[in-house]
Amino acid sequence: MERKWWKESVVYQIYPRSFMDSNGDGIGDLPGIISKLDYLHELGVNVVWLSPVFKSPNDDNGYDISDYQDIMDEFGTLNDWEDLLEGLHSRNMKLMMDLVVNHSSDEHKWFIESRSSKDDSYRDYYIWRPGKDGKEPNNWTSVFSGPAWQYDQETDEYYLHLFSKKQPDLNWANPAVRKEIHDMMIWWLDKGIDGFRMDVINLISKAEGLPSTPGGKRYDWGGDFFMNGPHVHEYLQEMNREVLSKYDMMTVGECPGASVEDATKYANNGGTELNMIFTFEHMDLDSGPGGKWDVQPLKLDDLKECMTKWQKGLEGKGWNSLYLNNHDQPRMVSRFGNDTSYRVESAKMLGTFLHMMQGTPYIYQGEEIGMTNVKLDLDDYKDIEILNMYREKVIEGQEDQAKVMESIYMKGRDNARTPMQWDDSQNAGFTTGTPWLKVNPNHAEINVKQALEDSNSIFYYYQKLIKLRKEHDIIVYGAYDLVLKENEQIYAYTRTLDHETLLVLCNFTEEAAPFEWPRHLNGEAGQLLITNYADQGCDTISSNTLKPYEARVYLSK
Ligand code: NOJ
């Protein structure tokens, strides 16, 4: 398998608004990030993915960009950004920026022009249609609730917005739009950045004719008509030819609704499109038929099936990204582990489970100290997705308020966005002012200061996981196989490379979990590389029962 630096990397995602505030305005900023680079360096990650820092009216916290080539005032200046890049590079770390080009902000100059008249030269930069029988041009709904079309009185037409109405979709069918985007990417790459994370990049090509969904529903989820659309590969191949192939860089495309089959194209080994994608399949396993907010318990069998499908499906064909957290997902330890009695054990187990797989691991800020979900009062939530959903379901739809709040506690995006917990002081050391989103009250116990003082902390465990990946090629390049398939408590798999075998055992439950050694290992599991119960003595390493949330990794040669 071809060696690549981005296969051997571990990425750390920063959500700038919530990472570190340097000037007391309650909003994280670039100087704040710079002040924490030594911390990231100590953790051992070598790539930082920075969620958007560009000019934005913040309808969706920076994912609505009004100027792609300037920095948001709250975050600092282009000079601060240069210092950040320099600070990373001088520590041998790389910077991946967020590319949000399925849509812009409605306050972008292109859109201001575009909406001004039907004859404007920017009109076709966006997707405008006349209404049909006094209704929207089709019946698609937005990801953030309500119709995906907004009527604009000025020219008596509707524009498409798959996200909020302040995030109009760019028209990728227009070659001038694609050229603008390529030029902008080149501008950043020439400044020295090392890659792009591409926001919902598989949504850029909409179905010909923008048809309504079949079945005659007034409003309906039209995902099949804009996810993985007819020209998406053509557009990405063009971007690759014009831009990506000219730099030694890393790309990851966020691709909701992409199958393994789709991923073998987006992230193909031939390198004609992207390096890897973010799949959503494992993130959807705890959603019921009603979608994201219809929360169901995760079934371990489903997780085994899903992860194995991706691991085997891309083997020799593409490359996986590995994540359980990001700024859109609830905290993994609350979701898939146990955030009370086994918080430390289960966070370490989940980290082991993920970091030993084939692919490039992503750590989201706070994951490395086991940050958890939060329960806020409705008025304290800030996320547009939560607020729109609440309005649609409770205020307009009369659904049970308590049930909807419960789903927000479990799935709301603000779970991931509460400020980073640096210490046990007021506001967790994040700001000296009033934080833009409330700090999780558990920062008194869960914080970086505490983690750095405790040699058994999740932080040091993650540091070790990262170090192991650097030391053992098998962790990066070995082939994956599921073992102990029928075990109802344990997720176990092997990796193999040349004459080496890695065995990974993870107990996903809070009960002891007995198992039989996989037969081909003949009871010779090998050297124990890492376990989350190390502090309790190593006498258990050959035991055939895993303790609650225990994880073990063995290497045999
Ligand atoms: C995906 C991003 O991760 C999310 O935060 C954002 O709201 C949407 N795309 C729209 O840009």
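Counting convention: from 1, in listed order, for ligands and their atoms alike. Since the structure is predicted, the reported quantities are computational estimates derived from the model, not experimental observations. Residues: numbered from 1 along the sequence shown. These numbers come from the heavy atoms of this one structure, side chains and all, not from hydrogens, waters or symmetry mates.
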### Message
Using a 3.5 Å distance criterion without hydrogens, assess whether the side chain of Asp169 forms a donor-acceptor pair with backbone atoms of His103.
### Response
no

### Query
Atoms of ligand 1 less than 4.0 Å from His103 heavy atoms?
10 (C), 11 (O)

## Note on the structure
Sequence neighbours excluded, the answer for side-chain hydrogen bond (donor to acceptor under 3.5 Å, both in side chains) partners of Thr431 is Asp21

#### Entry: atom 2 (C) of ligand 1 [closest protein heavy-atom partner, distance rounded to 0.1 Å]
Asp199 OD1, 3.1 Å

### Task
Note the single closest protein heavy atom to atom 7 (O) of ligand 1, along with its residue, its atom name and the distance in Å.
Asp60 OD2, 2.5 Å

### Task
Report the part of Phe144 (side chain from C-beta onward, or backbone N, CA, C, O) that has a heavy atom under 4.0 Å from ligand 1; answer both or neither where that applies.
side chain

### Query
Can Arg197 be said to touch ligand 1, with heavy atoms closer than 4.0 Å?
yes

#### Entry: Residue Lys382 excluded, over 12 heavy atoms near NZ under 6.0 Å
yes

### Task
Mark up the atoms of ligand 1 that fall under 4.0 Å of a heavy atom belonging to Arg417, in ascending order.
5 (O)

#### Entry: Nearest-neighbour protein heavy atom for atom 5 (O) of ligand 1, which is reported as residue plus atom name and distance
Asp328 OD1, 2.7 Å

#### Entry: Atom indices of ligand 1 within 4.0 angstrom of Arg413 heavy atoms, with elements
4 (C), 5 (O), 6 (C), 7 (O)

### Atom indices of ligand 1, in the order listed, that fall short of 4.0 Å to a heavy atom of Glu254
1 (C), 3 (O), 9 (N)

### Query
Using a distance-only test with no angle check, is there a side-chain donor-acceptor pair under 3.5 angstrom linking Asp339 and Ser334?
yes

### Task
Decide whether Tyr125 and Ser104 meet the rule of one side-chain donor and one side-chain acceptor closer than 3.5 Å.
no

### Query
Centre of Trp436's six-membered ring, under 6.0 Å away, within 45 degrees of the axis: is that where NZ or CZ of Arg17 sits?
yes

### For atom 8 (C) of ligand 1, closest protein heavy-atom neighbour
Phe163 CE2, 3.7 Å

### Summary
Test side chain to side chain contact (heavy atoms under 4.5 Å, CB included), reference Leu350, set His355, Glu367, Met332, output is Met332

